[in-house]
Amino acid sequence: MRIASWNINSIRVREDLLLDWVRRVEPDVLCLQETKVVDDEFPTDELMRLGYAVAMSGQPSYNGVAILAKRPISAIRIGLAGEGPTAERRAIAATVGGVRVLNVYVPNGKSIESPSFVEKLRWLERLRLTLDTLESADTPLVLCGDFNICRDDRDVYAPDLYRGQLHFHPDEQRALNRVLDFGLVDTFRERHAEGARYSFWDYRAAAFRRNEGMRIDYVFASRALLPRLKDCDIDNEPRHADKPSDHTPVVADFTD
DNA sequence: ATGGTAGTCGAACTA
């Protein structure tokens with residue numbers, strides 16, 4: 001079972017790139033972030049023609065998450081525990097092929113001095129609360145998405161430049177570790193110890209050409225699912241496109 | 001080169 005996560009940065013602009021990638025990689029589950037469309041404008045028909053069912057939670061202009069699956073989708077849940085209908089669309093969960101899948105787009109935080117940074121930390125606390133109250137690490141579960149946090153020095157191209165700054169601040173690293181303490185493991189790190197493997201490169205300053213990136217997108221697996229992990233890797237190919245997303249997909253393979 | 005680039009929406013905000 002192949003489960004992938006990709007911050008697509010506007011599904012309207014990236015529709016052809018997405019469909020080409022899906023045809024080539026054929027994920028069983030694809031979690032998308034930053035779709036930036038309301039549900040009516042989501043390319044549901046095109047994806048259905050490729051055999052995918054779609055669960056989505058969109059909003060105008062910003063955010064928006066979706067889960068695409070080649071197998072039937074059930075138990076769809078929009079948002080985090082306790083969120084009202086006006087909350088930003090940053091989380092969606094669904095069950096596919098016996099695996100509980102949580103797809104999240106963690107707030108960026110803007111800067112460590114910003115109130116948005118505090119909101120980012122609180123959002124991660126609510127994610128942990130959602131796991132504690134509604135999920136179990138003793139069943140097959142994947143938590144994936146754009147977390148906007150580098151976990152350690154290997155995950156950022158210039159650790160000494162970014163240390164203590166946004167995406168690489170101990171407060172957000174601690175908040176993410178509290179989420180993982182639920183019973184989740186970084187599947188990429190289970191298979192790859194090397195640094196300089198990134199999932200995001202800023203559009204500016206030829207960052208991708210220089211491989212000046214960050215690993216901020218993850219596929220985490222519950223301790224119950226981890227024994228089924230075959231591999232996890234980052235697919236840089238779509239970042240070479242004419243109009244790429246600034247993120248590239250993370251792909252994890254599990255035995256059925 | 002004295003910020004850079006991209007998306008949304010149609011000025012300014014987000015990333």
Side-chain angles (χ1 to χ4, degrees), chain A residues 5-21 30-43 46 56-66 79-80 83 86-92 103-124 127 144-151 155-159 161-169 171-173 175-176 198-218 234 236-250:
Chain A
S5 176
W6 192 5
N7 180 320
I8 197 76
N9 186 21
S10 169
I11 199 167
R12 275 189 299 236
V13 172
R14 235 67 71 188
E15 182 176 330
D16 290 344
L17 183 65
L18 170 68
L19 296 175
D20 286 348
W21 188 81
L30 175 56
C31 294
L32 296 173
Q33 305 88 35
E34 285 205 89
T35 53
K36 297 186 174 180
V37 289
V38 296
D39 293 358
D40 285 349
E41 295 172 41
F42 199 92
E46 291 78 0
M56 63 194 133
S57 177
Q59 69 176 75
S61 307
Y62 302 114
N63 308 313
V65 286
L80 298 182
E83 279 185 346
T86 59
E88 292 183 333
R89 306 298 208 227
R90 294 179 176 275
I92 187 168
N103 173 23
V104 299
Y105 172 46
V106 176
N108 172 289
K110 288 196 177 80
S111 78
I112 61 163
E113 298 86 6
S114 168
S116 299
F117 187 71
V118 179
E119 288 305 311
K120 180 181 196 174
L121 302 178
R122 289 190 181 140
W123 200 94
L124 288 162
L127 174 57
C144 66
D146 175 2
F147 289 77
N148 272 311
I149 299 166
C150 303
R151 299 196 58 219
D155 299 329
V156 54
Y157 74 94
L161 181 66
Y162 280 89
R163 203 178 312 282
Q165 299 302 313
L166 187 68
H167 303 302
F168 201 48
H169 190 283
D171 289 352
E172 50 189 336
Q173 291 171 324
L176 178 54
Y198 308 126
S199 64
F200 161 83
W201 301 260
D202 196 286
Y203 284 121
R204 293 165 287 190
F208 180 61
R209 184 174 57 73
R210 302 161 181 259
N211 196 30
E212 295 181 346
M214 293 178 168
R215 192 173 75 99
I216 56 177
D217 301 85
Y218 301 96
I234 301 171
N236 281 12
E237 193 272 341
R239 193 61 177 75
H240 287 94
D242 281 343
K243 285 180 75 70
S245 168
D246 42 1
H247 297 250
T248 207
V250 184

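Please read these numbers as outputs of a predicted model, since none were measured by experiment. Residue numbers start from 1 in every chain, and the chains themselves are labelled A, B, ... in the order their sequence lines are given, proteins ahead of strands.
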Colleague: Once you round it to whole Å, what is the distance between P of B:dT14 and CG of A:N63?
Modeller: 11 Å

Colleague: On a whole-Å scale, what distance lies between the P atoms belonging to B:dG3 and B:dG7?
Modeller: 23 Å

Colleague: Rounded to whole Å, how long is the line connecting atom CD of A:E15 with atom C1' of B:dG7?
Modeller: 16 Å

Colleague: Measure from CG on A:D242 to P on B:dT5 and round the result to the nearest Å.
Modeller: 17 Å

Colleague: Are A:K110 and A:L166 close enough that some pair of their side-chain heavy atoms sits under 4.5 Å apart?
Modeller: no

Colleague: What integer distance in Å separates A:R204:CZ from B:dA1:C1'?
Modeller: 16 Å

Colleague: Rounding to a whole Å, what distance do you find between A:R239:CZ and B:dT5:P?
Modeller: 13 Å

Colleague: Just checking, is any N or O donor in the side chain of A:N211 or A:W201 under 3.5 Å from an acceptor N or O on the other one?
Modeller: yes

Colleague: Hey, which sits more toward the 5' end of DNA chain B by its nearest nucleotide, A:A205 or A:P60?
Modeller: A:A205

Colleague: For DNA chain B, determine which residues of residues 103-113 of chain A have any heavy atom closer than 4.0 angstrom to one of its atoms, and list them numerically.
Modeller: A:Y105, A:N108, A:K110

Colleague: For B:dA15 versus B:dT2, give the span between their P atoms, rounded off to a whole number of Å.
Modeller: 27 Å

Colleague: Ignoring hydrogens and angles, write down the donor-acceptor pairs under 3.5 Å from the side chains of residues 202-209 of chain A, residues two or more places apart or on other chains.
Modeller:
residue : atom : partner : partner atom : Å
A:D202  : OD1  : A:R204  : N            : 2.7
A:D202  : OD1  : A:R204  : NE           : 2.8
A:D202  : OD2  : A:R204  : NH2          : 2.9
A:Y203  : OH   : A:N9    : ND2          : 3.0
A:Y203  : OH   : A:P244  : O            : 2.9
A:Y203  : OH   : A:D246  : N            : 3.1

Colleague: Between B:dT14 and B:dG4, how far is it from one C1' atom to the other, in whole Å?
Modeller: 16 Å

Colleague: Can you tell me the distance, in whole Å, between the CD atom of A:Q33 and the P atom of B:dT14?
Modeller: 20 Å

Colleague: Heavy-atom nearest nucleotide on DNA chain B for A:H247 versus A:D202: which residue maps closer to 5'?
Modeller: A:D202

Colleague: Could you check how far CZ of A:F200 sits from C1' of B:dT14, rounded to whole Å?
Modeller: 12 Å

Colleague: Ring centres under 6.0 Å, that's the criterion: do A:Y157 and A:Y162 meet it?
Modeller: yes

Colleague: Do any side-chain nitrogens or oxygens of A:S61 fall under 4.0 Å of OP1 or OP2 in B:dC13?
Modeller: no

Colleague: Nearest heavy-atom pair of A:K120 and A:N108: which atoms, and what distance?
Modeller: NZ-O, 2.9 Å

Colleague: Between P on B:dT14 and CG on A:L166, what's the gap in Å once rounded to a whole number?
Modeller: 13 Å

Colleague: Can you figure out which of B:dT5, B:dT8, B:dA15 approaches the side chain of A:E34 most closely?
Modeller: B:dA15

Colleague: Side chain of A:R14, heavy atoms from C-beta onward: which of B:dA6, B:dT8, B:dA15 has the nearest atom to it?
Modeller: B:dA6

Colleague: Ignoring backbone atoms, test whether A:K243 places a side-chain nitrogen or oxygen under 4.0 Å from the OP1 or OP2 oxygen of B:dG7.
Modeller: yes

Colleague: If you look at every heavy atom in A:Y218 and A:C150, which pair is closest and at what distance?
Modeller: OH-CA, 3.6 Å

Colleague: Any chance the rings of A:H169 and A:F117 have centres within less than 6.0 Å?
Modeller: yes

